[in-house]
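Working notes, structure below.
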Amino acid sequence: MSVEYFDEQRRQLIAAIAADTNEVANRIGKTALDKRVLGAMTKVPRHDSGCLPSLSTGAARTQPYR
(Lines give C-alpha, C1' and ligand atoms only; values in the text may rest on other atoms or scores of the structure.)
Protein backbone atom coordinates (compact mmCIF):
# COMPACT_ATOMS: atom_id res chain seq x y z
CA MET A 1 0.00 0.00 0.00
CA SER A 2 1.22 3.47 -0.83
CA VAL A 3 1.94 6.47 1.33
CA GLU A 4 -0.92 8.25 -0.43
CA TYR A 5 -3.31 5.49 0.61
CA PHE A 6 -2.35 5.86 4.27
CA ASP A 7 -2.49 9.66 4.03
CA GLU A 8 -6.07 9.39 2.75
CA GLN A 9 -6.97 6.90 5.49
CA ARG A 10 -5.54 9.31 8.08
CA ARG A 11 -7.53 12.24 6.62
CA GLN A 12 -10.72 10.18 6.77
CA LEU A 13 -10.04 9.15 10.37
CA ILE A 14 -9.41 12.75 11.45
CA ALA A 15 -12.60 13.87 9.69
CA ALA A 16 -14.55 11.15 11.51
CA ILE A 17 -13.04 12.17 14.86
CA ALA A 18 -13.89 15.83 14.18
CA ALA A 19 -17.47 14.88 13.32
CA ASP A 20 -17.78 12.76 16.47
CA THR A 21 -16.37 15.61 18.58
CA ASN A 22 -18.85 18.03 17.05
CA GLU A 23 -21.68 15.59 17.76
CA VAL A 24 -20.86 15.35 21.48
CA ALA A 25 -19.67 18.94 21.95
CA ASN A 26 -22.35 19.87 24.47
CA ARG A 27 -21.52 16.83 26.63
CA ILE A 28 -17.76 17.29 26.66
CA GLY A 29 -17.70 21.08 26.78
CA LYS A 30 -15.60 21.45 23.63
CA THR A 31 -16.51 22.24 20.06
CA ALA A 32 -13.25 20.82 18.67
CA LEU A 33 -10.17 18.94 19.72
CA ASP A 34 -6.98 20.86 20.43
CA LYS A 35 -5.25 21.84 17.19
CA ARG A 36 -1.99 20.38 18.51
CA VAL A 37 -3.64 16.97 18.93
CA LEU A 38 -5.08 17.06 15.43
CA GLY A 39 -1.74 18.28 14.08
CA ALA A 40 0.07 15.35 15.68
CA MET A 41 -2.48 12.95 14.24
CA THR A 42 -1.71 14.23 10.74
CA LYS A 43 1.99 13.47 11.20
CA VAL A 44 2.18 10.15 13.05
CA PRO A 45 2.47 7.25 10.59
CA ARG A 46 0.15 4.71 12.24
CA HIS A 47 0.72 2.11 9.54
CA ASP A 48 4.42 1.54 10.29
CA SER A 49 4.89 2.76 13.84
CA GLY A 50 5.04 -0.74 15.31
CA CYS A 51 2.48 0.17 17.97
CA LEU A 52 -0.49 -1.55 16.33
CA PRO A 53 -1.11 -5.28 15.98
CA SER A 54 -0.07 -6.56 12.56
CA LEU A 55 -3.62 -7.76 11.80
CA SER A 56 -4.80 -4.15 11.77
CA THR A 57 -2.19 -2.82 9.33
CA GLY A 58 -3.88 -0.84 6.59
CA ALA A 59 -7.13 -0.39 8.47
CA ALA A 60 -7.98 2.93 10.06
CA ARG A 61 -9.66 2.27 13.38
CA THR A 62 -12.36 4.41 14.90
CA GLN A 63 -12.78 2.16 17.94
CA PRO A 64 -10.22 1.23 20.60
CA TYR A 65 -8.34 -2.04 20.44
CA ARG A 66 -9.43 -4.61 23.03
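Not measured: the values here are computed from a predicted model.
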Could you list the residues that satisfy side chain to side chain contact (heavy atoms under 4.5 Å, CB included) with [X], not counting sequence neighbours?
X	result
Leu33	Ile17, Thr21, Leu38
Asp34	Arg36, Val37
Asn22	none

*Shortest non-hydrogen contact from Lys43 to Arg10?*
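For Lys43 and Arg10, the tightest heavy-atom pair comes out as N-CD, 4.4 Å.
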*Please name all residues satisfying side chain to side chain donor-acceptor pair (under 3.5 Å) with Glu8, sequence neighbours left out, ordered by chain then number.*
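Residues passing side chain to side chain donor-acceptor pair (under 3.5 Å) with Glu8: Arg11, Gln12.
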